[in-house]
Structures are given as C-alpha cells and as structure tokens.
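What you see below is based on every heavy atom in this structure, not just the backbone, and it leaves out hydrogens, waters and symmetry mates. Chain letters run A, B, ... following the sequence lines, proteins first and then strands; every chain starts at 1.
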Protein chains: 2
Amino acid sequence: MLAYAFVAQTPAVDEAMISGIEQAGIEQAPNFQPLYRQIRLLILKRLAKNTWRPGEMLPSETKLAQQFRVSQGTVRKALDELAGQNLVVRQQGKGTFVAQHTPHRALFHFFHLVGDDGSRKLPESRLISCASGRAEPRERECLALSSRAHVVRIRRVRSLDATPVIVESICVPAAQFQGLTDASPAELPNTLYAFYEQRFQVVIAHAVERLKAVSANAEEVRLLKLPRGAPLLEIERIALGHEHNPIEWRRSRCHTDNCHYLNELD
Amino acid sequence: MLAYAFVAQTPAVDEAMISGIEQAGIEQAPNFQPLYRQIRLLILKRLAKNTWRPGEMLPSETKLAQQFRVSQGTVRKALDELAGQNLVVRQQGKGTFVAQHTPHRALFHFFHLVGDDGSRKLPESRLISCASGRAEPRERECLALSSRAHVVRIRRVRSLDATPVIVESICVPAAQFQGLTDASPAELPNTLYAFYEQRFQVVIAHAVERLKAVSANAEEVRLLKLPRGAPLLEIERIALGHEHNPIEWRRSRCHTDNCHYLNELD
DNA sequence: GAGTGGTCTAGACCACAGC
DNA sequence: CTGTGGTCTAGACCACTCG
C-alpha cells in the first residue's frame, strides 16, 4: 500500500514531486506512482518548460539516472514510455532527442487523408487570409481563452495533385503567436507545426480530431469547384501542448471523392 | 552483425523459428531479431492457432521462460509488447489472458462514434436482412476470397437514443461462418465480435477504417428519415485476424448531426 | 576509442488474487 | 500461504555513431 513513495534511501527524485502526499491521515486515495512514472513526469515537466528545444539531445540515461538517484533501468523505462508517445525519439548510438515536427511526422501522425489508391501526400496550401481579432465564444471555448483574448485566424485551400480538396480554417491565440499576422504569406509554410516550434517556441504534442459529414456551403462550392450541397468530410482538430493545453483549433472540410481518412484500430 | 541469432548455449527457442537463416553465405539481409521479439512471434503464432481460447490464461512468465529457455525478463518484454497491442491482457496477481471482445473493448477500441455532448454509447441494432450468396468482385477483393467463394451479408440499422443513425452492411466469408444465416435474428447480438469468437472461433485482432463523406441514397433516406441527399459519414472497415488476414468487411453510413467520429493523434 | 542506446540476464522485493 | 504479474536494481555484453 505504501509502495513506490520513496524507494532509495535518500529522497531520490526531489523537486517536490510527490505532490500528492497529504498529512490528513486516513484512507487518502493513494496517488503513489512507480518510480519510473515519477521520473517520466519529471522529464515531461522539463519538456513542457522547454528545458531542451525540439531536436535537442537529452542527457544520457546514465546522466539522468545519476541526477534522479535511480538506476539506469528505471530511467530507461521512463524514456521508453515517452518514446511510445512520440514525445522523444531514441537513436541507438546517438542519444535521446526531443521530438520534432518533421514532414514525416506531419504525414504519418498528423495527416490521415490518404488517396484512394493508397498514396500518401501532404497537400499544397494556398493562403486565403490571415488576420487577428477578438475571439468569438466558440473560439474561446475551444482554446480555453478569457473573454477579452484575441486570436489569429488563417484560412487556406489545400490541393492534392493540383486539385483543391480542402478548405481549412485555423485559429490560434494571438498572445502565443505575436507577429504571426505580420509574417508574409509566402512565409507561412505548408506544415505549420514545425513553424510554430521554430518561430514561436510553441510545441504541439497531441491532438484530438472529430469528424462529421456536412454539406458544402456556397464558399466551399466555389473554392473546391463542387456541385451545390456536395458532401464534405469535416475534420475538427484541437491541437494540444505537453500539458494538454489547447493551442490550435482547426477545421478542415474535405472533398473525399478521391481520398479518404485512414485510421487503424486494435 | 551476427547478434541475436542464438544467445543461449542451447538453441533456445526451437520450433524452427529462425526461419530466415540461409545457408547462402554472403550479405544476406539480416532478419535477425532480438530474442524477445522472437519469443513474441512464437506466442503470436500460438494465439493465431487458437492454442488458448480468448479469455483463457497463458502460462505464467516463469513457465514460458522455462519452455523457451530464456530468462523471465525476456518473456516479460515479449508479453508487454503483446499487451500493448491489446492482444493479451495482464492482471497483477492473476495472470496473462488472451484478449477478449468485451462490451468495453467494443466501445473504446472499435467504436469511435461519440455523441456531440461527449456521451459514449453502443447503438442498438435492428436486423434488416441476413443471407448468403456468391461473393461479388468487390467483396472478394476486400476479403481476399477466391472466385467461387460465398459470403454472408448482414444489414442492420443502428440507433442511438432510439433515433436511427447508422445503416450498416456487413460481409463475412461463409466458409468461416457456417450456420450464421441459420442463427435466429434475435440471436445476432449487438456486438458481433464477441459472437464471432464464441460461436465460430474467429478472432478479430485488428481493423482498418476508411472514412468518406457521401450523400444518402434513397434507402438510407427512408431508413434514417433524412432529407434527400443528406450528407452521411461512411465508415468502411476491414477487420483482421491475428495474422492480418481479412475476416469481415463492413460499411457503416452514419448520420452525424448529433454525433461525431473521435480520433486521438500524437 | 569513447559514448550512446539496446538486449539479456539474475535476483530481490512488492502488490495483488485466491484458496 | 502460494502463485501471479509489477518494480527496481546491477552488471555484462552488443550495436551503432562519431571523432
């Protein structure tokens, strides 16, 4: 029952991490965690604090083990879990690195639209608009913003094989993206998350997508050259940081006659 | 370079498992695997062979380690990977069990439609038809069947909160499901995969889903009480066995005004 | 060669389930 | 009490990378 609170003779893992221990004595729900999970949390906090930049190497397992006063195997298990969540990348002979948003990651982890022939490509993007303004209620809700917060809104059309197939609306808090509206349209890259990382030190770690079928509205009909009321696949995504804090709200409406959204289950 | 082929003094892991070793000497692409992966494959083969039934307990780590002549930690790592794929379930103090299709698994791993209010429910099913016939080309393609194979086709309407929202077509090879058409309609349960397991010893281990937006056809309009041409979310699923052999082809067309398909990314 | 992560082993101890 | 999986440790050796 008292397991895993303190294992090493010395406090091990200091940093005020055992935050759940109460002095109230009785029947407290035990939020004790195995050592390797406590280590994992400590490393996660450092990731969230940007202690190391994306792409940078973490200290070696041995060094971390010394710092935390645990065995190397325990650190390994913590790092393995983080690697399983794609938060760090491990490379034999080189080291453990903070995960980065590469084109490969965009394609295989964050973009699930695949051609009906099985082809996987990132669509080209054409910017329509990029401007800031007071956040609307829905935007505040999705991004957990206060009532006077401002946001930056980006709209673009994305094409696969030179055919426009997606109308995309993106919304991010202006506070975390100072100067985004000043960026020249040509500067806004196709894969935004790497851009967020490099330009604004904002790291997207997770995302949740919600899909519906909708009818194309007048603008979508025009932009995608569709018949009136054509069915579109709406993908609404909320992208989250390391602490699951919402960072970006995105709505993509996709013409899926020649492509589909692919998902693997177990 | 020669690592991991044989580690223990005795051959360890017999069963003719090192199938990739060629007598041709030079520059063979090494399909050497770490020991724990070889162990994992052996256990996987036993799962595929139905050596143990779903829900049954596997031998303990210690016993498996003795059988395979490796250390318990190596078996543990193999089992951990299998547990990560939801192919086995580990329970402290009890044992390791072959994964089963429970209502919980259906709801959280195989059914991604969620109410817009966040509610997760399995929809009720009403059977429309269940009959067998010669497999059509598309069915043969999806299920990897020969040209004279027969299939069983099931159609049903599924309702959330007493509102019909899904029209579902299911197709399985008749050969693996002898007597399915004789089953009384009342006997066909809402969650089919548990039924497949228990009645036909057919185990669904994975699945791939492809989503599109489509327009409701006349029948769907009637069954779901929709306006003509209403947009529907089409979910096409191919369910696979342990060896990734296709077992079921399913197409669900969903009315998503009050629900959505939920997917989490990393 | 030095440093990194990856594998394998062995042993100790813990938590949990069930008789 | 016994047997199970879960954690933690320690040490040996391997493969890979880079200077």
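- Picking from D:dT9, D:dG5, C:dT4 the nucleotide with the shortest atom distance to the side chain of B:Q92 gives D:dG5.
- Not a single donor-acceptor contact under 3.5 angstrom links the side-chain atoms of A:R76 to the base of C:dG5.
- When the side-chain nitrogen and oxygen atoms of A:K77 are compared with OP1 and OP2 of D:dT7, one or more of them lie within a distance under 4.0 Å.
- The distance from atom CZ of B:F97 to atom C1' of C:dG18 is 12 Å, rounded to the nearest whole Å.
- Here the P atom of nucleotide D:dC8 and the CG atom of A:L79 are 14 Å apart, to the nearest Å.
- Distance CZ (A:R37) to P (D:dC8): 10 Å, rounded to an integer number of Å.
- Legend: ring pair (Phe, Tyr, Trp, His ring centres under 6.0 Å) pairs involving residues 77-101 of chain A, not counting sequence neighbours, sorted by first then second residue: A:H101-A:F110, A:H101-A:Y193.
- Distance CD (B:Q91) to C1' (D:dG5): 10 Å, rounded to an integer number of Å.
- Of the candidates B:L47, B:I43, B:V98, B:V88 forms a side chain to side chain contact (heavy atoms under 4.5 Å, CB included) with just one, namely B:L47.
- Between A:Y36 and D:dC8 there is no side-chain polar atom (N or O) within less than 4.0 angstrom of OP1 or OP2.
- Each of C:dC8, D:dT7, C:dG6 was ranked by its minimum atom distance to the side chain of B:L35; first place goes to C:dC8.
- Following rounding to the nearest Å, B:R90 (CZ) and C:dA17 (P) show an atom-to-atom distance of 15 Å.
- If you find the closest nucleotide of DNA chain C to A:G93 and to A:D80, the one lying nearer the 5' end belongs to A:G93.
- Dashed line: the shortest gap from a side-chain N or O of A:K94 to OP1 or OP2 of D:dC18 is under 4.0 Å.
- Using a 4.0 Å cut-off, some side-chain N or O of A:S60 falls inside it from OP1 or OP2 of C:dT4.
- Atom CG in B:L64 sits roughly 12 Å away from atom C1' in D:dG5 (whole-Å rounding).
- Not counting sequence neighbours, B:H242 has no partner by the ring-ring contact (aromatic ring centres under 6.0 Å, His included) test.
- Atoms CZ (A:R40) and P (D:dG6) sit 17 Å apart, rounded to a whole Å.
- One finds a side-chain N or O of A:K63 lying less than 4.0 angstrom from the OP1 or OP2 phosphate oxygen of C:dT4.
- A donor-acceptor contact shorter than 3.5 Å links the side chain of A:R156 to the backbone of A:N190.
- Across the protein-nucleic acid pair, A:Q33 atom CD and D:dG6 atom P stand 15 Å apart, rounded to whole Å.
- Under a 3.5 Å cut-off, the side chain of B:R105 and the backbone N or O of A:D266 do form a donor-acceptor pair.
- At D:dG5, one or more side-chain N or O atoms of B:T96 fall inside 4.0 Å of OP1 or OP2 (strictly under the cut-off).
- The side chain of B:T74 places no N or O atom within less than 4.0 Å of a non-bridging phosphate oxygen (OP1 or OP2) of C:dC8.
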